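Down below is the structure, laid out as structure tokens.
The basis for the numbers below is simple: all heavy atoms, side chains too, and nothing from hydrogens, waters or symmetry mates. If you're wondering where the values come from, they're calculated on a predicted model, not measured in any experiment.
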Amino acid sequence: ALRAVTRLLDFGAPETTLLAVLPSHPLFRETLSSLPSAVFTDPGLREQQRDRIGEAVKAAYPHLDRRSIASLCPLVAQCAEQGDAVAQGILVSAGQRAADCAIRLARHLGLTAPRVAAMGGVMLNLPSVLAACRDAIREALPAAEVEVRDFTLAAGAVLRALELGGVRLDQETVDRLRRSGESCHG
């Protein structure tokens, strides 16, 4: 998302609505609030104010960490839902990168039909990311199974280990674990 905004500021294209929603994010609210709102949507005004916008965006960079960068995902999803091709491409690329990790690991382990567990809020809540991940895995490993899991890594690993060990958990126990706050939703 930040690369797309930088490309828009530096080169004027590709056009994206990500810049317009950036001021709504807490990380950028303070640095971008001093600029008139029209600079984010009017290409002519944006060009005149390009350096000021760029400096305001860069002022937030020292505060970027993994969590704050991940918190931009809802803004990307919002823009993608509204038809922004750049945002849609970011989500597809995220799914393909996730698939690439799974594919490389499966090949490294010599697995031709791995069971891949897609986990986390992005996979659960953004169908385009999950679809891109699934498609890329199936293209590279046609016999692979891709399952969506809504547990944290720790809880999911325990459940998977129990499943592989032949321990059967009834649905009530699994649901209780979900409600206990150990899922990606809680």
Side-chain angles (χ1 to χ4, degrees), residues 1-8 13-18 21-22 25 64-186:
L2 295 176
R3 276 193 297 257
V5 166
T6 302
R7 277 189 219 110
L8 177 63
E15 210 38 66
T16 179
T17 56
L18 288 166
V21 298
L22 211 53
H25 190 278
L64 292 176
D65 59 13
R66 191 172 185 192
R67 184 175 292 241
S68 62
I69 290 171
S71 72
L72 292 169
C73 189
L75 295 180
V76 175
Q78 173 189 338
C79 291
E81 286 174 14
Q82 295 170 350
D84 185 306
V86 172
Q88 291 168 345
I90 290 169
L91 297 180
V92 168
S93 177
Q96 291 169 337
R97 284 194 315 273
D100 186 53
C101 291
I103 293 164
R104 283 188 284 138
L105 180 60
R107 288 180 174 156
H108 178 74
L109 296 173
L111 303 174
T112 57
R115 289 180 63 190
V116 179
M119 299 173 63
V122 171
M123 291 294 182
L124 287 170
N125 298 307
L126 297 173
S128 59
V129 176
L130 178 60
C133 180
R134 239 186 210 138
D135 291 348
I137 290 172
R138 287 183 178 151
E139 184 177 324
L141 303 165
E145 291 180 45
V146 180
E147 305 167 347
V148 179
R149 299 291 175 135
D150 64 346
F151 289 96
T152 62
L153 289 175
V158 169
L159 286 174
R160 185 72 177 126
L162 290 170
E163 181 183 282
L164 291 172
V167 176
R168 290 191 162 280
L169 296 176
D170 59 41
Q171 191 61 45
E172 182 181 332
T173 303
V174 173
D175 290 342
R176 192 171 48 243
L177 181 57
R178 269 192 189 93
R179 289 189 305 270
S180 74
E182 286 297 317
S183 76
C184 292
H185 297 297

Pairwise distance CG(Leu111) to CD1(Ile103) - rounded to 0.5 angstrom: 12.5 Å
Min side-chain heavy-atom separation Asp135-Glu139 under 4.5 Å: no
Residue from Leu2, Val5, Val21 passing side chain to side chain contact (heavy atoms under 4.5 Å, CB included) with Leu72: Leu2
4.5 Å side-chain heavy-atom contact, Val148 and Arg134: yes
Those residues that, when tested against Thr6, pass side-chain contact (heavy atoms from CB on, under 4.5 Å) (two or more places apart): Asp10, Tyr61
Residue pair Leu130 / Ala118: nearest heavy atoms and the distance that separates them: CD1-CB, 3.8 Å
Exercise: identify the closest heavy-atom pair between Thr17 and Cys79: OG1-SG, 3.2 Å
Rounded distance [0.5 Å steps], CD in Gln88 versus CD in Gln82: 10.5 Å
Test item: Leu18 and Leu8 side chains (from C-beta on) under 4.5 Å apart, heavy atoms: no
Spacing of Gln171 atom CD and Leu169 atom CG [to the nearest 0.5 Å]: 9.5 Å
Side-chain touch Leu141/Thr112, heavy atoms, less than 4.5 angstrom: no
Asp100 side, atom CG; Leu105 side, atom CG - distance, nearest 0.5 Å: 11.0 Å
Pairwise distance CG(Asp84) to CD(Glu81) - rounded to 0.5 angstrom: 12.0 Å
Smallest separation among heavy atoms of Thr16 and Ala4, with atom names: CG2-O, 4.3 Å
Side-chain donor-acceptor pair present, Arg67, Ser71, cut-off under 3.5 Å: no
Nearest atoms (heavy-atom pairs only) where Ala80 meets Ala87: N-CB, 3.5 Å
Cys73 side chain reached by Asn125 side chain, heavy atoms, under 4.5 Å: no
